[in-house]
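Presented below is the structure to which this report refers.
First the proteins, then the strands, lettered A, B, ... as listed; each starts at 1.
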Amino acid sequence: MAKVLVVTSGKGGVGKTTSTAALGAALAAMGQNVVVVDFDVGLRNLDLVMGAERRVVYDLINVVQGDAKLAQALIRDKRLDSLSLLPASQTRDKDALSEEGVDKVMAELREKFDWVICDSPAGIERGPTLAMRHADVAVVVTNPEVSSVRDSDRIIGLLDSKTLKAERGERMDKHLLLTRYDPARAERGEMLKVDDVLEILSIPLLGIIPESQEVLRASNLGTPVTLCNPASAPAKAYSDAARRLSGEPIAMAVPNDRRGLFGKLFGRRAA
Amino acid sequence: MNLLSLFQKRATAPVARERLQILLAHERSITGRTDLVAVLREEIIAVITKHVAVERDKVQVKMERGDAVSTLEVEIEIPTALAPAESAASAAA
Ligand SMILES: Nc1ncnc2c1ncn2[C@@H]1O[C@H](COP(=O)(O)OP(=O)(O)O)[C@@H](O)[C@H]1O
Ligand SMILES: [Mg+2]
């Protein structure tokens, strides 16, 4: 059975697109059939982070409006056979996305893939609510910083009320992905700690992604960080998160400051 | 400036944590984090329409939040012609 996952946050620039690409590539590398869908209409970026910007012909809106078939718009990844991208439109605006059109595309994607990963735009309006509408699982991307935590709290409220799952009276499966975490600064009391954010948002933890230069390097090259440098700390953290998503019980590790490694085990079970 | 005050000046995370806890407790009470009222309203409509045809906007659900207890007020307008008499009600049950 296909799973639809939304990567969302409320606030912009926290790492949604980075996380969509990294998790999508990690799941595909595990042999899953994955499509990453860019819902950031007008500000598409997932194509760039995936290194597919020159291969975009048709986009989500063309498919929603019936101007192209889904198969024409899907871009198969050059590195991983089981990874595809459905890009957003750069020239249209979000009003071109109709609810019914999105319903149809999502139903078709569910038939073709094991995972449909939706990269949400920022905000709490129409764009993000359309991106989360069909989700079975939500990954709430949060930075250890006050405005990001506040916005995540708002998004959690929307996930529990504005999704099809919520409308059917079912519980949305929500996970916290703490990104751009700097363990040294958290230790010095300069930054909210993992436990602070978990206590405030009270949803289970999916992973802790450290602040790392590897992320920028990967996006410069147009390669998801999990493929670009699989041995790096952020790539390992994303791969572990992907494994937890597919149900493997993997112990949670906090990026260790001193050795710069994921050495220190964290006494917490995975989400 | 001694070492301790240097440390205290740096440790701003506890302040952030406390501010967030206070702010979010307040914001959740306004927006209702799980949108309980909306959920209840939908389920109430579903139950009622099993037995009587009511218009969606004739179903009002209100939550009054108090310090010790909150009250839930539900008001449903049913056309008199449809309001079940004794026998109709038992037939429906
Ligand atoms: N773990 C990280 N370490 C360092 N930089 C990061 C990390 N995660 C994201 N970034 C950077 O933050 C910026 C915003 O990331 P992006 O994924 O585009 O966020 P969003 O999609 O939420 O707007 C990008 O420049 C990205 O390279
Ligand atoms: Mg983005």
Side-chain angles (χ1 to χ4, degrees), chain A residues 10-11 124-125 128-129 132-133 138 140 142-174 176 178 180-203 257, chain B residues 1-65 70 72-74 76:
Chain A
K11 191 169 155 65
I124 53 167
E125 303 294 334
T129 48
M132 68 171 65
R133 183 174 152 79
V140 179
T142 307
N143 293 165
E145 174 269 323
V146 284
S147 51
S148 173
V149 174
R150 180 197 210 172
D151 292 357
S152 291
D153 196 69
R154 278 299 290 283
I155 279 294
I156 290 170
L158 293 186
L159 287 166
D160 286 333
S161 60
K162 296 276 189 275
T163 52
L164 288 173
K165 227 180 167 184
E167 282 171 19
R168 291 194 301 261
E170 295 167 29
R171 248 192 77 251
M172 172 66 69
D173 198 8
K174 302 175 292 287
L176 177 73
L178 194 61
R180 312 203 67 162
Y181 189 69
D182 185 333
R185 298 194 69 190
E187 207 42 63
R188 290 198 298 267
E190 297 172 16
M191 186 185 261
L192 288 167
K193 289 189 177 159
V194 179
D195 281 332
D196 294 335
V197 182
L198 276 177
E199 190 192 325
I200 293 168
L201 293 178
S202 57
I203 58 173
D257 43 324
Chain B
M1 196 190 291
N2 63 27
L3 257 178
L4 185 68
S5 70
L6 188 73
F7 179 76
Q8 279 166 341
K9 193 168 165 221
R10 271 189 167 175
T12 50
V15 182
R17 179 196 149 105
E18 198 182 318
R19 286 175 61 217
L20 272 170
Q21 276 171 331
I22 292 166
L23 174 71
L24 294 184
H26 174 69
E27 287 185 345
R28 285 170 192 165
S29 75
I30 296 170
T31 57
R33 165 130 157 194
T34 52
D35 231 335
L36 179 65
V37 175
V39 172
L40 286 173
R41 184 169 176 273
E42 287 309 311
E43 293 192 11
I44 289 167
I45 291 173
V47 169
I48 301 292
T49 49
K50 266 198 224 164
H51 303 285
V52 214
V54 289
E55 283 170 49
R56 291 181 62 86
D57 56 359
K58 296 286 157 60
V59 179
Q60 305 268 324
V61 178
K62 269 183 246 159
M63 178 82 91
E64 287 272 356
R65 283 171 208 273
S70 297
L72 185 72
E73 191 186 315
V74 182
I76 306 161

Over 12 foreign heavy atoms within 6.0 Å of CD, E125(A): no

To check you understand the geometry: which heavy-atom pair defines the closest contact between [X] and [Y], and what is its length?
X	Y	result
L192(A)	A16(B)	CD2-CB, 4.0 Å
G189(A)	P14(B)	O-CD, 4.1 Å
L20(B)	V146(A)	CD2-O, 3.6 Å

Max heavy-atom pairs within cutoff under 4.5 Å with chain B, candidates R150(A), E145(A), K193(A), goes to R150(A)

With sequence neighbours left out, the residues meeting side chain to side chain donor-acceptor pair (under 3.5 Å) with E170(A) are R168(A)

Look at R154(A) together with E27(B) and state whether they make a salt bridge at an N to O cut-off of under 4.0 Å.
no

Q21(B) meets the side-chain contact (heavy atoms from CB on, under 4.5 Å) criterion, sequence neighbours left out, with E199(A), I200(A), R17(B)

